[in-house]
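For reference, the structure discussed in these notes is given below.
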Amino acid sequence: DKFSWKTDFVFDANKNKILETANGKNDDIGNRLFIGQPVQANFDYVFDGIWQESERALATQYNQLPGQVRVRDIDNNGVINADDRQVIGKRVPNWTGSIANTFRYGNVDLYVLAYTRQGEQFSSSFDGSFMNYNQIYNQAKVDYWTPTNPSQKHFQPGNPGSYVNAAYYQKTNFVRISNITLGYTFPSSILEKIKLNSLRVYATATNPFLFTNYKGYDPEWASQNTYGAAVSTASFLFGVNLSF
């Protein structure tokens, strides 16, 4: 009789596609609008790893060098040009959702809220600033290519090639614990002794945990600049509610 558990779910799916543009049934590439694709599509070259020393001859055919970002020759004509770009993702989620749980046991209450966004892809501002080894900023420690370390993830420092932007796209799926609140409401037997009508003490953590494979600061703001605006904060609050 002392225990209760309440759960609230919120779920929404985002499904849309472009049927027609100002050009009729034709793609509007300049404005990144593609028939049959969702709005805010990412249209770019497809990242295909890093050119290796064993592929030097083939890389030379594409005017590339080992250690540089490799992109896919979509039409397989031996040339990388604008025709090799395609829709590789979108900047809106497939779905978002949250789940809130409220637990009560006697005078103790616990509230936990989790929030998620799934299916987005962004060109990561963090990657462009701190993983390109071609900037004045200190760089993140990554598994970059060298002649003795044939990485397929990050290009050779100082040798990005012409298609480095293709390497910056990241999935930004995440689950965030948005709120945890633990409280205790004092019983009337104690309130009578201290002459109060009600008394509750509580502690709240806002944004205490984030679960994601995104490598930058925060997947929720992956495309924003990295000078402070793209970083979420966690806050911790201790409070008292009382009435006389």
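Note that the numbering runs from 1 along the sequence shown for the chain.
Between atom CG of residue L199 and atom OG of residue S188 there is a gap of 12.5 Å, rounded to the nearest 0.5 Å. Atom OH of Y168 and atom OG of S124 lie 9.5 Å apart (nearest 0.5 Å). Taken to the nearest 0.5 Å, the CD atom of Q37 stands 9.5 Å off from the CD atom of Q86. Here Q68 contributes atom CD and R70 contributes atom CZ; the two are 12.5 Å apart, rounded to the nearest 0.5 Å. Taken from OG1 in T206 to CD1 in I177, the straight-line distance is 12.5 Å, to the nearest 0.5 Å.
For F11 and F9, the ring centers are positioned 6.0 Å apart or more.
In plain terms, the two heavy atoms of W145 and Q52 that are nearest each other are NE1-OE1, 3.0 Å. Residues V69 and A167 share a closest heavy-atom pair of CG2-CB, 4.1 Å. Pairing each heavy atom of P147 with each of Q156, the nearest pair is CD-NE2, 4.3 Å. In terms of heavy atoms, F34 sits closest to D27 at CA-OD1, 3.3 Å. Across all their heavy atoms, K153 and I50 have their closest contact at N-CG1, 4.0 Å. When every heavy atom of P208 is checked against every heavy atom of F236, the shortest pair comes out as CB-CE2, 4.4 Å.
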Output side-chain donor-acceptor pairs under 3.5 Å for residues 110-117, partner residues at least two apart or in another chain, one line each.
{"from": "T116", "atom 1": "OG1", "to": "Q118", "atom 2": "NE2", "distance (Å)": "2.8"}
{"from": "T116", "atom 1": "OG1", "to": "F174", "atom 2": "O", "distance (Å)": "2.6"}
{"from": "R117", "atom 1": "NE", "to": "E120", "atom 2": "OE1", "distance (Å)": "3.0"}
{"from": "R117", "atom 1": "NH2", "to": "E120", "atom 2": "OE1", "distance (Å)": "3.3"}

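N107 contributes a side-chain N or O that, together with a main-chain N or O of T185, makes up a donor-acceptor pair within less than 3.5 Å. Distance alone, capped at 3.5 Å, places no donor-acceptor pair between the Q170 side chain and the G216 backbone. Between the side chain of D28 and the backbone N or O of N23 there is no donor-acceptor pair closer than 3.5 Å. Formation of a donor-acceptor pair under 3.5 Å by the N197 side chain with backbone atoms of F244 is found in this model.
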* Determine, stepwise, if the pair N132 / D127 fulfils side chain to side chain contact (heavy atoms under 4.5 Å, CB included). => CA-CA 7 Å; N132 71 5; D127 286 37; over 6 Å; no

* Run the numbers on T181 and N179 for side-chain hydrogen bond (donor to acceptor under 3.5 Å, both in side chains), then give the verdict. => CA-CA 6 Å; T181 298; N179 185 285; 2.9 Å; yes

* Asked: Do T7 and W5 pass the side-chain hydrogen bond (donor to acceptor under 3.5 Å, both in side chains) test, and can you show the C-alpha distance, the side-chain angles, and the key distance before you say yes or no?
  -> CA-CA 7 Å; T7 300; W5 177 359; 3.0 Å; yes

* For F155 and W51, what are the C-alpha separation, side-chain angles and deciding distance, and is it a side chain to side chain contact (heavy atoms under 4.5 Å, CB included)? -> CA-CA 9 Å; F155 57 86; W51 286 108; over 6 Å; no

* Step by step, work out the side-chain hydrogen bond (donor to acceptor under 3.5 Å, both in side chains) result for D12 and N14. => CA-CA 7 Å; D12 67 88; N14 189 331; over 6 Å; no

* To do: Could you check N42 against Y169 for side chain to side chain contact (heavy atoms under 4.5 Å, CB included), going step by step and ending with a plain yes or no?
  => CA-CA 9 Å; N42 290 324; Y169 287 94; 3.8 Å; yes

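Taking the ring-ring contact (aromatic ring centres under 6.0 Å, His included) definition, one finds that F122 meets it with nothing, sequence neighbours left out.
No side-chain heavy atom of Y45 sits under 4.5 Å from any side-chain heavy atom of N165. At a threshold of 4.5 Å between non-hydrogen side-chain atoms, the residues P93 and T172 do not count as touching. Using a 4.5 Å heavy-atom threshold, the side chains of V71 and I80 count as touching. With a 4.5 Å cut-off on side-chain heavy atoms, L182 and Y202 do not count as touching. Using a 4.5 Å heavy-atom cutoff, the side chains of R32 and Q40 are not in contact. A 4.5 Å side-chain heavy-atom check between S198 and S243 finds at least one atom pair inside the cut-off. Contact of the S151 side chain with the Y144 side chain is not registered, since no non-hydrogen atoms from C-beta on lie closer than 4.5 Å.
For the pair R72 and D48, the salt-bridge criterion is met [side-chain N within less than 4.0 Å of a carboxylate O].
Classified by interplanar angle (parallel below 30°, tilted 30° to 60°, perpendicular above 60°), the ring pair F126/F130 is tilted.
Sorted by first and then second residue, the salt bridge (charged side-chain N to carboxylate O under 4.0 Å, His left out) pairs with a member in residues 155-177 read R176-D218, R176-E220; sequence neighbours excluded. Within the structure, salt bridge (charged side-chain N to carboxylate O under 4.0 Å, His left out) contacts touching residues 92-109 (residues at least two apart or in different chains) are D109-R200. The stretch residues 74-91 participates, sequence neighbours left out, in no salt bridge (charged side-chain N to carboxylate O under 4.0 Å, His left out) pair at all.
In the hydrophobic cluster analysis, where Ile, Leu, Val, Met, Phe, Trp and Tyr join through side-chain heavy atoms closer than 4.5 angstrom, Y163 is grouped together with L58. A continuous path of hydrophobic side-chain contacts links L196 to V240 [ILVMFWY only; heavy atoms under 4.5 Å]. At a threshold of 4.5 Å between side-chain heavy atoms, the hydrophobic network of Ile, Leu, Val, Met, Phe, Trp and Tyr places I99 and F209 in two separate groups. Taking hydrophobic clusters as Ile, Leu, Val, Met, Phe, Trp and Tyr residues chained together by side-chain heavy-atom distances below 4.5 Å, W95 does not share a cluster with Y214. Both F186 and V108 belong to a single network of hydrophobic side chains, linked directly or stepwise wherever heavy atoms of I, L, V, M, F, W or Y lie under 4.5 Å apart.
I35 forms part of a hydrophobic cluster together with I18, L33, V39, judged by ILVMFWY side-chain heavy-atom separations under 4.5 Å.
For the 3.5 Å distance criterion, the side chains of D143 and N149 qualify, holding a donor opposite an acceptor.
For Y105, the OH atom is loosely surrounded, since the number of other residues' heavy atoms within 6.0 Å does not exceed 12.
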